[in-house]
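All remarks here apply to the structure that follows.
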Number of protein chains: 2
Amino acid sequence: MDDLYRAIADPTRRAILDELVERDGQSLYELCGRLTMKHGIGSSRQAISQHLEVLESAGLVEVRREGRYKFHWFNGQPLRAIAERWPTDRNGA
Amino acid sequence: MDDLYRAIADPTRRAILDELVERDGQSLYELCGRLTMKHGIGSSRQAISQHLEVLESAGLVEVRREGRYKFHWFNGQPLRAIAERWPTDRNGA
DNA sequence: AATATAGGCAAGCCACAGCTTGCATGTCAA
DNA sequence: TTGACATGCAAGCTGTGGCTTGCCTATATT
């Protein structure tokens, strides 16, 4: 549960989530390319891989290995915990 | 906008938000006491004060100075940005 | 006026997150 | 089978986030 908040605390990881929402099931290399082109992220492949591990341990990304590729899918269900924890209207609970 | 995710990344700050939701308008000293008693947080007053600054810059806490006291109120409105950014159901967008 | 209370400011310390680098592994094509 | 491709593993560096410490300011109490 603590991993969830840490996962979305990093801007690169948030961009990864954005990318996966826009196009689900990308491989690591595909993700690196799109993050560089469309999001201006110049991190190395290893950096992105480490980010994906964090996202996976938070349950926000699901992974499936297929041959020499590793595909990633977005899962927004853990984010519900945030919306359910605190009220979002101005009048409080 | 970046401050929001950083603000809720820390467990002490999340506890502060929990406390303010439960009892709004607490002063700094009151908050320190309750955090120690009910949440098992042994941080110093300065540490809590610094956390409150982060929460305030994220718009999650509003402050009003009154005499020698400083009162704090919870505001969950910025959290909506999270719910609106990514889908929370399993089928994606 | 003197003391106590509630809080502010600033410098310093330390663990860790994010990133890189180098090399190793496994998979597919020719 | 050889080489290119996609990824994994592990050690090291560095900035910074969270915390403490020490001292200062301001408001309230007696």
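Sequence lines set the chain letters: A, B, ... in the order given, protein chains first and strands last, and positions in each chain run from 1.
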Exercise. Between atom CZ in A/Arg14 and atom P in C/dA17, what is the gap in whole Å?
Worked result: 17 Å

Would you tabulate the nitrogen or oxygen pairs shorter than 3.5 Å linking the protein to nucleotides 26-28 of chain C?
none

Tabulated below should be each protein N or O lying under 3.5 Å from an N or O of nucleotides 22-24 of chain C; please produce it.
none

Exercise. Would you say the side-chain atoms of B/Arg80 pair up with the backbone N or O of A/Thr88, donor to acceptor, closer than 3.5 Å?
Worked result: yes

Problem set entry | Minimum heavy-atom distance B/Gly59-B/Pro78, with the two atoms named | O-CG, 3.5 Å

Problem set entry | Atom-to-atom span, CD of B/Gln26 to P of C/dG7 - whole angstrom | 11 Å

Problem set entry | Position toward the 5' end of DNA chain C (nearest nucleotide), B/Phe71 or A/Ile48 | B/Phe71

Exercise. Does A/Thr12 make a side-chain N or O approach to OP1 or OP2 of C/dG18 shorter than 4.0 Å?
Worked result: no

Problem set entry | Phosphate OP1/OP2 of C/dG7: any B/Ser49 side-chain N/O under 4.0 Å | no

Exercise. Salt bridge between A/Arg85 and B/Asp18, side-chain N to carboxylate O under 4.0 Å?
Worked result: yes

Exercise. Below 4.0 angstrom, N of the basic side chain to O of the carboxylate: do A/Arg64 and A/Glu62 qualify?
Worked result: no

Problem set entry | Side-chain donor/acceptor of B/Arg13 to backbone N/O of B/Arg6, under 3.5 Å | yes

Exercise. Between A/Glu22 and A/Arg34, does at least one N-O distance fall below 4.0 Å, as a salt bridge requires?
Worked result: no

Problem set entry | Over-ring placement of A/Arg14 relative to B/Tyr5, 6.0 Å and 45° cut-offs | yes

For this session: In sequence, state the C-alpha distance, the side-chain angles, and the governing distance for B/Val54 and B/Leu60, and then conclude on side-chain contact (heavy atoms from CB on, under 4.5 Å).
Result: CA-CA 9 Å; B/Val54 176; B/Leu60 291 170; over 6 Å; no

Problem set entry | Which residue lies more 5' along DNA chain C, comparing A/Ser43 with B/Tyr29 via nearest heavy atoms | B/Tyr29

Exercise. Just how far, in rounded Å, is C1' of C/dT5 from CG of B/Leu28?
Worked result: 12 Å

Exercise. Among the nucleotides C/dC19, C/dG7, C/dA11, which one has an atom lying closest to any side-chain atom of B/Gln50?
Worked result: C/dA11

For this session: Check for a donor-acceptor pair, side chain of A/His72 on one end and backbone N or O of A/Lys70 on the other, with a separation under 3.5 Å.
Result: yes

For this session: Could you please spell out the steps behind the side-chain contact (heavy atoms from CB on, under 4.5 Å) verdict for B/Thr36 and B/Ile41?
Result: CA-CA 5 Å; B/Thr36 304; B/Ile41 294 174; 5.7 Å; no

Exercise. Just the endpoints, please: which first and last nucleotides of DNA chain D, 5' to 3', lie under 4.0 Å from a heavy atom of chain A?
Worked result: D/dC5 to D/dC9

Exercise. What are the two closest non-hydrogen atoms of B/Asp3 and B/Ser57, and how far apart are they?
Worked result: OD2-O, 3.9 Å

